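When a ligand or atom number is given, it counts from 1 through the structure's own listing order. Worth knowing before you read on, the calculation uses all heavy atoms, side chains too, and leaves out hydrogens, waters and symmetry mates. Keep in mind it's a predicted model, so treat the numbers as computed, not measured.
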Amino acid sequence: MKRFACPSCDHEVFFDSLTCLGCGIDLAYDPDSARVEALDGRPGCDNRAEIGCNWIARKPEEGAFCASCALTETIPDLTVPGNDLRWRKIEAAKRRLIYSLLRLDLPLVSRAGNALRFRLLADEKMPDGRVQRVLTGHDDGLVTLNVSEADDDRRERMRTEMGERYRTLLGHCRHEVGHFYFDVLVAEGGRKAEFTALFGDPDQDYQAALNRHYAEGPPEGWEDRHVSAYATTHPWEDFAETFAHWLHMTDGLETASAYGLVSAPDPYARGPVEPLAQAWVPLAIAMNAMSRALGQPDLYPFVIAPPVVEKLGFIHDLMADRLRSAA
Ligand SMILES: [Zn+2]
Ligand SMILES: [Zn+2]
Ligand SMILES: [Zn+2]
């Protein structure tokens, strides 16, 4: 993420600022300029009052929502107490995702015509008392998120039960779109052979792989080849996890550079992935040490082994046409 300043008084403002704390003017993020600007009579997103979305509305002929909210096809039932706050938290995480996708100018519709869109759903109690569970996942561009993930206590309990090191709303968003960009950049992009050499055969039985993972857990030594235990489940999941980590690394390095914490190459400029990974690993170690110094869990509880750098390199290469040429 870049660093932002108020266009009127130059006070530091943030990606999600609605007003400037320095001079009090109303602010809006404009994804076209990638800047926080004065709202100044321009129409803000129709969700501005309701969930604090600070993005500018798209062109009038494209509707009243911003480029991020417009991708949400279904919002949770707002008559259920708490769902307004869950919706607000998920959209805030999703805007960070969409920031990256728009900066990279990634397609939001596949060649097969599947548009990236989101539905935010809650588990439902059926008349017979059974609970219909909503599974977070991706299907042909449609990302489903279970809104209970927005409850900190529930998400943390899931994280502990699943033996995961990290579970966040932004992580879910970045992982699920990874599946969409497998379709768009790998399958439709004619890169399946290269993918298979690095990640394994994507056509192996997915349900059998999931069942095996939940019955047996990850294979021993998984950290030598995979970024997370879940990435060992199936080559699709490995790609989605690695895609999420490429976005963590890119956004993390852009943020750290903006605050003068590292000197790393511009992650949005074309070039090899190795210098980015070489900057990211010591930064992550330092961030974790800071977290521990303040009594918090590790900020980035992952080890990036050389084969994982290679997989990140594959994703970096898929993005090459979208990254600015460094010159
Ligand atoms: Zn100001
Ligand atoms: Zn919005
Ligand atoms: Zn997945």
>> I need the protein N, O or S atoms closer than 2.8 Å to the Zn ion (ligand 1), given as residue plus atom name.
In response: Cys6 SG, Cys9 SG, Cys20 SG, Cys23 SG
> Does a sphere of radius 6.0 Å around CZ in Arg159 hold more than 12 heavy atoms from other residues, nucleotides or ligands, not counting ones at 6.0 Å or beyond?
Replying inline: yes
> For Glu220, does the CD atom have more than 12 heavy-atom neighbours from other residues, nucleotides or ligands under 6.0 Å away?
Replying inline: no
> Residues in ring pair (Phe, Tyr, Trp, His ring centres under 6.0 Å) with His316, at least two apart?
Replying inline: Trp246
> With the Zn ion (ligand 3) as the point of reference, which N/O/S atom of His175 is the closest?
Replying inline: NE2
Donor-acceptor contacts under 3.5 Å from residues 110-122 side chains, at least two apart:
from, atom 1, to, atom 2, distance (Å)
Ser110, OG, Ala112, N, 3.3
Ser110, OG, Gly113, N, 3.4
Ser110, OG, Asn114, N, 3.0
Arg111, NH1, Glu188, O, 3.2
Arg117, NE, Glu73, OE2, 3.0
Arg117, NH1, Ala115, O, 2.7
Arg117, NH1, Asp140, O, 3.4
Arg119, NE, Thr144, OG1, 2.9
Arg119, NH2, Thr144, OG1, 3.3

>> Between Arg95 and Asp16, does any NZ, NE, NH1 or NH2 come within less than 4.0 Å of an OD or OE carboxylate oxygen?
In response: no
>> Between His245 and His248 (judged by ring centroids, cut-off 6.0 Å), do the two rings come close enough to count as a pair?
In response: yes
>> From the N, O or S atoms in His179, identify the one nearest to the Zn ion (ligand 3).
In response: NE2
> When you measure from the Zn ion (ligand 3) to each N, O or S atom of Glu237, which atom gives the shortest distance?
Replying inline: OE1
> If you leave out waters, which protein N, O or S atoms are less than 2.8 Å from the Zn ion (ligand 2)?
Replying inline: Cys45 SG, Cys53 SG, Cys66 SG, Cys69 SG
> What about Tyr300 and Trp222, same hydrophobic cluster or not, with Ile/Leu/Val/Met/Phe/Trp/Tyr joined at side-chain heavy-atom distances under 4.5 Å?
Replying inline: no
> How about His226 and Glu241: does a side-chain donor come under 3.5 Å of a side-chain acceptor?
Replying inline: no
>> Does Arg225, at its CZ atom, have more than 12 non-hydrogen atoms belonging to other residues, nucleotides or ligands within less than 6.0 Å?
In response: no
> Does Arg103 make a cation-pi contact with Tyr268, if we ask for NZ or CZ under 6.0 Å from the ring centre and within 45° of the axis?
Replying inline: yes
> Are Thr72 and Glu91 close enough that a side-chain donor and a side-chain acceptor fall under 3.5 Å?
Replying inline: yes
